[in-house]
Amino acid sequence: MSTKPRIAVIVGSTRPTRYADAPTRWILAQAQARGDMDLEVVDLRDHPLPFFDEMASNLWMPSQNPEAVRWQQTIGGFDGYIFVVAEYNHSITGALKNALDQAYKEWNRKPFTAIGYGGTGAVRAIEHLRQIAVELQMVSTHAAVHITGGDFMAVHPAFGNKPIEEIETSLLPSAKTALDELAWWAKATMAAKATEA
């Protein structure tokens with residue numbers, strides 16, 4: 001049995017024209033190259049969740065919707081998360097907010113980091129994600145990866161359409177720090193849970 005943390009790379013946009021796939025592939029490759037975590041992409045497109053319509057959070061009572069239950073089972077098996085974050089009007093996408101709301105216990109005491117993209121590198125969306133995650137009892141890394149400004153314009157298909165590797169020199173330091181922190185917190189929270197078991 002592997003002692004490596006299992007990390008989900010959660011694709012937080014479902015738009016047909018989303019840019020999320022390029023940063024997802026890039027951060028997945030960076031994390032896989034380390035060899036200290038097992039990774040799996042979890043795409044919100046594969047989880048057609050209804051808008052949250054349960055009587056209460058699954059902290060208080062079991063969810064009734066089969067898609068919500070399937071989502072909880074999917075994310076519950078991971079030890080940490082990397083969120084791929086688009087910024088819509090200074091926040092995360094509605095699809096990602098809804099996905100976060102569809103579970104509670106499954107997020108508790110697990111770490112996460114993020115890679116965000118947009119004119120400001122999704123800094124406001126990632127900060128909002130951190131605020132939501134505190135209520136879900138998650139642990140945020142200090143560092144995150146931000147594809148911002150001229151770099152974002154260079155790689156986005158509507159503008160420069162360059163491969164993300166052409167701008168990665170400016171992304172690699174923050175990616176290393178974010179992934180170092182994620183690995184540390186995943187191991188720490190896994191060890192703490194093991195002592196409680």
Side-chain angles (χ1 to χ4, degrees), residues 1-13 20-21 23-47 49 57-59 68 70-86 92-93 95-117 121-123 125-147 171-197:
M1 182 171 153
S2 175
T3 57
K4 293 181 187 178
R6 288 190 69 229
I7 305 296
V9 182
I10 298 180
V11 187
S13 173
D21 300 305
T24 297
R25 285 189 298 270
W26 187 83
I27 197 67
L28 179 66
Q30 303 311 307
Q32 287 173 329
R34 299 166 56 92
D36 60 351
M37 53 185 88
D38 292 324
L39 296 116
E40 182 179 328
V41 173
V42 177
D43 194 334
L44 292 185
R45 284 181 178 169
D46 298 329
H47 293 273
L49 293 162
S57 160
N58 75 335
L59 173 66
R70 184 171 76 92
W71 171 246
Q72 292 159 8
Q73 292 168 344
T74 297
I75 62 163
F78 292 99
D79 302 303
Y81 309 94
I82 300 169
F83 291 99
V84 181
V85 178
I92 60 176
T93 65
L96 179 53
K97 177 61 166 71
N98 187 51
L100 289 162
D101 291 342
Q102 294 282 358
Y104 191 92
K105 298 180 293 185
E106 295 76 13
W107 302 118
N108 286 184
R109 298 178 179 175
K110 294 180 184 177
F112 73 95
T113 193
I115 179 169
Y117 56 90
V123 292
I126 291 173
E127 281 305 303
H128 193 194
L129 173 63
R130 287 175 171 137
Q131 291 174 5
I132 296 163
V134 166
E135 180 57 30
L136 296 171
Q137 300 183 48
M138 297 177 79
V139 181
S140 175
T141 60
H142 170 264
V145 182
H146 302 278
I147 304 173
L171 306 178
L172 286 169
S174 58
K176 181 184 183 313
T177 303
L179 293 170
D180 284 349
E181 292 174 3
L182 179 64
W184 192 94
W185 279 111
K187 290 171 189 169
T189 54
M190 288 168 69
K193 287 177 200 168
T195 63
E196 290 178 350

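In what follows, residues are counted from 1 in the order of the sequence shown. Please read these numbers as outputs of a predicted model, since none were measured by experiment.
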Side chain proximity check, [X] to [Y], heavy atoms < 4.5 angstrom:
X      : Y      : result
Ile115 : Val84  : yes
Val42  : Phe78  : yes
Asp46  : Thr74  : no
Ile82  : Leu39  : yes
His146 : Ile126 : yes

Nearest-0.5 Å distance, [atom1] of residue [X] to [atom2] of residue [Y]:
X      : Y      : atom1 : atom2 : result
Asp21  : Ser13  : CG    : OG    : 8.5 Å
Leu49  : Gln72  : CG    : CD    : 9.0 Å
His47  : Asn98  : NE2   : CG    : 13.0 Å
Asn58  : Trp107 : CG    : CH2   : 11.0 Å
Leu59  : Glu106 : CG    : CD    : 10.0 Å
Lys176 : Arg34  : NZ    : CZ    : 6.5 Å

For residues 190-197, dump all side-chain donor-acceptor pairs below 3.5 Å to protein atoms at least two apart in sequence or in another chain.
unit_1, atom_1, unit_2, atom_2, d
Lys193, NZ, Arg109, O, 3.2
Thr195, OG1, Ala192, O, 2.7

Shortest non-hydrogen contact from [X] to [Y]?
X      : Y      : result
Gly77  : Arg6   : O-NH1, 2.7 Å
Thr93  : Gly12  : OG1-O, 2.6 Å
Ala86  : Ala125 : O-CB, 4.0 Å
Ala20  : Val11  : CB-CG1, 3.7 Å
Ala175 : Val145 : CA-CG2, 3.5 Å

Are Lys97 and Asp101 ion-paired here, with the side-chain N under 4.0 Å from a carboxylate O? yes
Is the shortest distance from a Lys or Arg side-chain nitrogen in Asp79 or Lys4 to a carboxylate oxygen in the other one below 4.0 Å? no
Identify the residue among Leu136, Leu129, Thr141 that makes a side chain to side chain contact (heavy atoms under 4.5 Å, CB included) with Phe112. Leu129
Carefully, step by step, assess Tyr104 and Glu135 under the rule side-chain contact (heavy atoms from CB on, under 4.5 Å). CA-CA 9 Å; Tyr104 191 92; Glu135 180 57 30; 4.0 Å; yes
Test your reading of the model: is there a side-chain donor-acceptor pair from [X] to the backbone of [Y], 3.5 Å cut-off?
X      : Y      : answer
Thr113 : Ala143 : yes
Trp71  : Ala99  : yes
Lys110 : Gly76  : yes
Glu181 : His142 : yes

Mind running side-chain contact (heavy atoms from CB on, under 4.5 Å) on Arg25 and Val41 for me, showing each step along the way? CA-CA 9 Å; Arg25 285 189 298 270; Val41 173; over 6 Å; no
Val134 vs Arg130, test: side-chain contact (heavy atoms from CB on, under 4.5 Å). Steps then yes/no. CA-CA 6 Å; Val134 166; Arg130 287 175 171 137; 5.7 Å; no
Does a sphere of radius 6.0 Å around CH2 in Trp185 hold more than 12 heavy atoms from other residues, nucleotides or ligands, not counting ones at 6.0 Å or beyond? no
The test is side-chain contact (heavy atoms from CB on, under 4.5 Å); show your working for Glu127 and Val123 and say whether it passes. CA-CA 6 Å; Glu127 281 305 303; Val123 292; 5.7 Å; no
